[in-house]
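Naming convention: chains lettered A, B, ... in sequence-line order (proteins, then strands); numbering from 1 in each chain. Reckoned from all heavy atoms, side chains included, excluding hydrogens, waters and symmetry mates.
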Amino acid sequence: MHDLRVLRDQAEWLREGLQRRGVLDTLAPTVDRGESLEADRRALIQAVEERKAQRNANSQEVARRKRAKEDADELIAEGRALGDEIARLEQELASTEDALHSVLLEIPNVTLPDVPAGDESNNVIVKEWGTPRPSDGVKPHWEIASHLGLFDLERAAKISGSGFVVYRKGGARLVRALMNFFIDSHRDEHGYEEVWPPLLVNRATMTGTGQLPKFEDDAYATRTDDLFLIPTAEVPVTNLYRDEIVDPDAMPMAFVAYSACFRREAGSAGKDTRGILRTHEFDKVELVRYAAPEQSAEQHELLTRHAETMLERLGIPYRRKLLAAGDTGFSSAKTYDLEAWAPGVGAWLEVSSCSNFTDYQARRANIRYRPAKGEKPRFVHTLNGSALAFPRTIACLLEHYQNADGTVNVPDVLRPYLGTDVLR
RNA sequence: GGACAGGUGGCCGAGUGGUUGAAGGCACCGGUCUCGAAAACCGGCAUACCGGUGAACCCGGUAUCGAGAGUUCGAAUCUCUCCCUGUCCGCCA
């Protein structure tokens with residue numbers, strides 16, 4: 001969410017940002033409306049406060065007269081009239097602020113200057129690592145997994161529905177191995193604090209990171225408790241410090257969390273649905289950082305490197321893609337996607353998305369820090385990235401390391417976790 | 001899930017419906033004193049928003065005593081709903 005002051009002071013900057021995302025045509029009327037609502041809001045505040053000041057003075061005079069045993073009936077009548085007028089103006093103010101709030105919620109973050117303008121055709125591959133294995137003669141991961149008995153999609157459909165997976169045998173152990181390998185690396189080598197968050201969170205938490213109210217249909221909700229299953233660990237971890245002022249000495253703060261992630265995926269039927277590439281429940285290790293504004297660009301590079309390192313350790317070829325403004329998520333100011341090569345399906349699979357949200361998310365979740373004693377609190381910058389999402393990583397591992405006989409070599413770093421050097 | 005007891009400033013803690021943004025204490029900051037420190041004493045010490053020049057300092061105003069709604073000329077104080085915490089009981093891995 002933007003500061004409502006941008007509507008007063010930086011409307012042109014906002015319009016340029018929308019232009020770069022390619023959404024100015026649709027959102028220009030919204031910005032115009034926001035500007036006028038912002039002016040209305042201030043006028044109403046002045047009107048209300050002026051009358052409240054009168055009422056306060058009036059009440060004090062009533063108190064004085066009563067103590068002096070003087071008559072105050074006339075003043076009391078005056079106060080009643082003021083009260084009615086205040087109630088009316090406050091109602092008007094409330095509806096203006098509601099309207100203003102929904103305007104602000106419709107306006108996406110403005111991307112950073114180094115993000116290319118335009119739609120996804122302007123995305124830039126900024127880096128490539130490793131040599132993609134040729135697709136000739138290699139099988140897709142679902143065939144490998146079926147041969148080795150790693151997933152059981154049929155029974156998953158029976159017990160939960162389509163879009164779920166039961167991992168079995170080496171597949172189940174692979175999930176556990178990836179979780180430990182990722183968390184251990186980030187904790188021990190990259191200095192992240194390990195966090196194990198709840199998977200069910202309340203409405204305020206979902207609102208703090210922007211899943212609600214707009215995207216309520218994308219989340220699973222419980223029937224009776226107004227709790228939601230998290231779509232990513234970003235939600236509980238970013239909300240850890242919601243409504244707090246964090247210690248500046250602790251910054252930047254860095255958290256790593258494994259979680260199951262739950263997504264209804266309404267509207268994405270038929271897209272990458274084969275095998276385990278898009279499921280309603282999947283596992284992911286997530287990195288979250290809180291930084292001071294002047295640190296966030298560098299912190300974004302650092303976090304992205306931490307995610308990349310996981311692919312390098314696993315020996316999976318990948319590329320880093322800088323998303324153009326139009327392809328950058330609503331709340332993000334800059335996003336890198338990491339795409340790993342899956343030779344069996346012959347495609348680059350998105351296994352990580354690393355974003356700098358600047359203060360957009362922090363303002364909504366009200367996460368601040370005080371730069372120095374006596375200074376005003378400022379909003380932190382929040383960043384997060386997957387490192388990594390399991391299912392697509394598993395698909396790439398199986399396809400990249402497959403042997404002609406249907407077995408799969410285990411990369412060195414996973415051997416201690418998996419207890420074997422070949423899945424057979 | 002049930003029964004009690006609570007939620008007041010960074011912390012502790014007072015508060016009869018009317019100069020209470022809120023006593024007092026602790027912590028913190030500045031000063032006096034001291035060679036220096038401690039002690040003592042003096043002073044300061046919340047946040048947000050609106051306006052005064054869309055800079056600083058400053059000034060005026062409004063709001064905030066868990067949250068929201070209500071009663072009232074006026075609410076930390078009365079009423080209702082909700083949330084949270086503690087203790088006991090129940091249930092449970």
Check your understanding: Do the side chains of A:Phe379 and A:Arg368 get nearer than 4.5 Å, heavy atoms only?
Key -> yes
Exercise for review: Answer yes or no on whether A:Arg363 is positioned over the face of A:Phe357, meaning its NZ or CZ is under 6.0 Å from the six-membered ring centre and within 45° of the axis.
Suggested key: no
Review point. Between A:Phe262 and A:His280, does a ring-ring contact (aromatic ring centres under 6.0 Å, His included) hold up when you go through it step by step?
Key: CA-CA 6 Å; A:Phe262 304 90; A:His280 292 304; over 10 Å; no
Practice item. Let me know, please, whether A:Ile76 or A:Asn56 comes out on the 5' side of the other along RNA chain B by nearest nucleotide. Key: A:Asn56
Check your understanding: Would one find more than 12 heavy atoms of other residues, nucleotides or ligands at under 6.0 Å from atom CZ of A:Arg415?
Key -> yes
Practice item. Figure out the CG/C1' separation between A:Leu89 and B:C50, and round it to whole Å. Key: 14 Å
Review point. Phosphate oxygens OP1/OP2 of B:G18: is one of them under 4.0 Å from a side-chain N or O of A:Arg65?
Key: no
Revision key, fill the gap. Considering only heavy side-chain atoms of A:Gln46, the closest of B:G51, B:G54, B:C73 is B:G51
Check your understanding: Under 4.0 Å between a side-chain N/O of A:Arg5 and OP1 or OP2 of B:C49, yes or no?
Key -> yes
Practice item. Mark yes or no for a side-chain to base donor-acceptor pair under 3.5 Å between A:Glu49 and B:G61, with no hydrogen or angle criteria applied. Key: yes
Point to revise | A:Arg168, CZ atom: more than 12 neighbouring heavy atoms under 6.0 Å | key: no
Point to revise | Same-atom distance (C1') from B:U34 to B:G15, integer angstrom | key: 41 Å
**Study point:** A:Tyr241 atom OH, neighbour heavy-atom count above 12 within 6.0 Å
**Key:** no
Review point. Closer than 4.0 Å, any side-chain N/O of A:Arg8 to the OP1 or OP2 of B:G54?
Key: no
Check your understanding: Given atom CD of A:Glu50 and atom P of B:G60, what is their separation to the nearest angstrom?
Key -> 17 Å
**Study point:** Spacing of the P atoms in B:A56 and B:A37 (rounded, Å)
**Key:** 35 Å
Check your understanding: What does A:Ile45 touch in the nucleic acid at a heavy-atom separation under 4.0 angstrom: a base, only the sugar-phosphate, or nothing?
Key -> sugar-phosphate
Check your understanding: Tell me: CG of A:Asp3 to C1' of B:G54, nearest whole Å?
Key -> 13 Å
Point to revise | Atom-pair distance (CD on A:Gln54; P on B:C50), nearest Å | key: 21 Å
Exercise for review: Please measure how far the P atom in B:U8 lies from the corresponding atom in B:C78, and state the result in whole Å.
Suggested key: 16 Å
Exercise for review: With RNA chain B as reference, determine whether A:Glu38 or A:Arg67 sits nearer its 5' end, using the nearest nucleotide of each.
Suggested key: A:Arg67
Point to revise | Minimum-distance nucleotide (side-chain atoms of A:Ala53 versus B:C73, B:C50, B:G61) | key: B:G61
Point to revise | Whole-Å P distance, B:C65 and B:U19 | key: 16 Å
Review point. Only one of A:Met310, A:His186, A:Arg176 forms a side chain to side chain contact (heavy atoms under 4.5 Å, CB included) with A:Phe181, so which one is it?
Key: A:Met310
Exercise for review: With P as the reference atom in both, quote the distance from B:C11 to B:C4 in angstrom, rounded to an integer.
Suggested key: 30 Å
Point to revise | Side chain to side chain, A:Leu174 and A:Val410, heavy atoms closer than 4.5 Å | key: no
Check your understanding: Where along residues 79-87 of chain A does a heavy atom fall under 4.0 Å from RNA chain B?
Key -> A:Gly79, A:Arg80
**Study point:** Span that lies between the P atom of B:G9 and that of B:A67, in whole angstrom
**Key:** 10 Å
Point to revise | side chain to side chain contact (heavy atoms under 4.5 Å, CB included) between A:Ile159 and A:Phe164, worked out | key: CA-CA 9 Å; A:Ile159 63 177; A:Phe164 290 89; over 6 Å; no
Exercise for review: Taking atom P in both B:A38 and B:G30, compute the distance separating them and give it to the nearest angstrom.
Suggested key: 11 Å
Practice item. To the nearest Å, give me how far apart CD (A:Gln60) and P (B:G74) are. Key: 14 Å
Check your understanding: What distance, rounded to whole Å, do you find between the two C1' atoms, one in B:G10 and one in B:U47?
Key -> 13 Å
Review point. Just wondering, are more than 12 heavy atoms of other shown residues or ligands nearer than 6.0 Å to CD in A:Glu74?
Key: no
Exercise for review: In whole angstrom, give the distance that lies between atom CZ of A:Arg55 and atom P of B:A75.
Suggested key: 6 Å
Exercise for review: Using whole Å, report how far CG of A:Asp226 lies from C1' of B:C82.
Suggested key: 12 Å
Revision key, fill the gap. Intra- and inter-strand pairing of RNA chain B, written as dot-bracket with Watson-Crick and G-U pairs under 3.5 Å and | for the latter, reads ((((((((.[[[..)..(.....]]].(((((.......))))).(((((((.....))))))).[[[[[..)....]]]]])))))))....
Review point. Atom CZ of A:Arg42 and atom P of B:A63: how far apart are they, to the nearest Å?
Key: 21 Å
Exercise for review: Pick base, sugar-phosphate or nothing for A:Arg51, based on heavy-atom distances below 4.0 Å to the nucleic acid.
Suggested key: nothing
Check your understanding: Is the centre of the A:Tyr290 ring less than 6.0 Å from the centre of the A:His381 ring?
Key -> no
